[in-house]
Amino acid sequence: MELNVTKDRCLALTAQAESTAAQPVSAPDPALLTGPHAALKLGLGGFKKVCRLEEDTPCPFPGLPSGFLEMRVKEGSKIRNLMGFAMARMQGGGGGDGDGRQGSGLRQVVFTGSGRAVTKTITCVEIMKRKMGGLHQVTKLRYKGVREVWGSDEGGGSEMTVHRTVPSISILLSKDQLDPQEPGYQPPETHGTLWEEGDGLESPQDPGKRALRLTDLSGQPQSKRVCLQGGSSVE
Amino acid sequence: MAEPRSPVSATVPQTPMGLAPPEGAVVEMDPVEYTLRKRLPRKLPKRRNDVYVNMKTDFKAQLARCQKLLDGTAGHREICIHGLGLAINRAINIALQLQAASQGALQLAANTSTVELVDDLEPEDPDEAGEPLTRTRNNSAIHIKVFYPNPQ
């Protein structure tokens, strides 16, 4: 974590920021991943995020033939926009009917997203898998460096750069067979089966036992939730 | 009409003005008020080395739990971290933290899936003729296998 404060009026902040940065951080600390945001917002009302630059990282899928489509999913991206574009490219210009789907259209697409866009990235992939079918998938996780510039809205001049690491996900979807030995590989048409069986489940569980435990589980939290949401209504 | 916000009581003159419970905006969407109750995701396979990450428990506690599973006395060669919806981020974070703490000894293999969730809509007022409804929706989930490669 690195902080460059350009003006002296942020002294209080520097002290605060350094105290967090002083922790032994060999690996990015979990508290730092979410912490600075809140701390900065609270401690320094008046600072706003000016811009957010993602650092360039090499493609997580080496050896991918050129001409694949890369979709960078951002926090504010609309799923319909992303999917409209990606589906059109994968199915080819003709709209994807009959063997036109095989002939035209791209063979691979990579969805990447970091931070709060991770969930959206996965959702896009799941939608595409459901719509197209027969797609091989490889999922990669890693940390990504993000440089954020925060500026004060009052003074105008003061600015500061924060370097953070956020989790990011890259998912490759391919119409062609991929290496099944690759960590994170998923064959086509596994909808729904993963959650029930778990990947690499060694011993099948006794269904009766599982059901019993489920009822135990479902009793408690539900009644709790009723109390919590008692007053709320659907709007 | 003196009161601009009560189109309902205008059509039903018997109801005293002040008591008209549903406001215009609500009535347009839903004649009866419902309580939205989310059911738990169904069928959770639970082995010793399965960890379901949620957003209620403290992050560090969940990270420590995973770490313990990996290097405790019953040290597992692999654990499975599951995250649903908002907890996906946290699941990824935990997995990456474990990997970073192991100095690269651990490997990650992530899979994604879709989970069907069921919401119950229960009428707020039992007198009104609202039937209990259910609504299904999908949410994304991630399953991360955290493992030591080539086990001996």
Side-chain angles (χ1 to χ4, degrees), chain A residues 26-31 33-34 115-116 118-127 129-130 137 139-143 165-169 171 182-186 190-203 205 210 213-214 217-218 221-222 225-226 229-235, chain B residues 25-26 29-30 32-47 50 59-60 63 78 80 82-97 99-101 103 107-116 119 121-122 124 138-145 147 149:
Chain A
S26 56
D29 188 74
L33 295 175
T34 48
R116 276 187 255 177
V118 165
T119 313
K120 195 170 284 185
T121 310
I122 298 177
T123 303
C124 287
V125 169
E126 289 296 319
I127 292 174
K129 280 197 290 182
R130 210 177 315 145
Q137 177 184 351
T139 309
K140 292 284 177 200
L141 305 174
R142 59 186 175 177
Y143 277 122
T165 42
V166 295
S168 95
I169 194 167
I171 303 175
E182 182 81 16
Y185 170 77
Q186 233 172 309
T190 48
H191 327 293
T193 53
L194 272 168
W195 189 264
E196 276 114 278
E197 293 161 32
D199 26 35
L201 186 70
E202 293 101 6
S203 55
Q205 269 207 337
R210 187 192 290 176
R213 201 179 284 147
L214 243 185
L217 271 174
S218 57
Q222 261 199 354
R225 201 158 292 169
V226 176
Q229 301 196 334
S232 65
S233 59
V234 188
E235 281 173 34
Chain B
V26 180
M29 290 188 63
D30 229 344
V32 188
E33 292 198 359
Y34 286 99
T35 307
L36 180 72
R37 193 188 290 187
K38 296 173 180 176
R39 282 190 208 165
L40 282 178
R42 62 195 178 87
K43 281 190 200 160
L44 305 173
K46 191 83 171 88
R47 291 163 289 163
D50 272 319
F59 178 88
K60 282 197 171 158
L63 180 61
E78 67 167 68
C80 224
H82 309 262
L84 175 63
L86 194 60
I88 288 175
N89 251 326
R90 186 170 272 194
I92 295 176
N93 227 332
I94 287 176
L96 288 171
Q97 293 280 324
Q99 190 185 33
Q103 325 285 346
Q107 270 197 26
L108 307 182
N111 280 350
T112 65
S113 73
T114 303
V115 178
E116 203 167 76
D119 292 341
L121 291 171
E122 295 174 349
E124 195 100 300
N138 288 324
N139 208 342
S140 303
I142 196 165
H143 317 272
I144 311 169
K145 192 167 79 174
F147 61 104

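Naming convention: chains lettered A, B, ... in sequence-line order (proteins, then strands); numbering from 1 in each chain.
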Using 0.5 Å steps for rounding, measure from the CD1 atom of I122(A) to the CD1 atom of I88(B).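 Result: 4.0 Å between the selected atoms.
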Which value, rounded to the nearest 0.5 Å, describes the distance between S113(B) atom OG and K129(A) atom NZ? 7.5 Å
Return yes if a side-chain donor-acceptor contact under 3.5 Å exists between E126(A) and T114(B), otherwise no. yes
Yes or no on side-chain contact (heavy atoms from CB on, under 4.5 Å) for I92(B) and Y143(A), after CA distance, side-chain angles and deciding distance? CA-CA 10 Å; I92(B) 295 176; Y143(A) 277 122; over 6 Å; no
Mind checking whether Q99(B) and L141(A) have side chains closer than 4.5 Å, heavy atoms only?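 Not touching, per the 4.5 Å side-chain cut-off.
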Looking at every heavy atom in both [X] and [Y], which two are closest together, and how far apart are they?
X: N111(B); Y: G184(A); result: OD1-O, 3.8 Å
X: A110(B); Y: T139(A); result: O-CB, 3.3 Å
X: T123(A); Y: S140(B); result: OG1-OG, 2.8 Å
X: P183(A); Y: L108(B); result: CB-O, 3.5 Å

All salt bridge (charged side-chain N to carboxylate O under 4.0 Å, His left out) counterparts of K120(A), not counting sequence neighbours: none
By a 4.5 Å heavy-atom criterion (distance strictly below it), what part of L96(B) contacts chain A: side chain, backbone, both, or neither?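 Both parts, backbone and side chain.
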Please name all residues satisfying side-chain hydrogen bond (donor to acceptor under 3.5 Å, both in side chains) with D119(B), sequence neighbours left out, ordered by chain then number. R137(B)
By a 4.5 Å heavy-atom criterion (distance strictly below it), what part of I171(A) contacts chain B: side chain, backbone, both, or neither? side chain
Which bit of E182(A) is near chain B, if near means a heavy-atom gap under 4.5 Å: side chain, backbone, both or neither?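 Answer is neither: E182(A) stays 4.5 Å or more from chain B.
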Determine, stepwise, if the pair V118(A) / I142(B) fulfils side-chain contact (heavy atoms from CB on, under 4.5 Å). CA-CA 10 Å; V118(A) 165; I142(B) 196 165; 5.9 Å; no
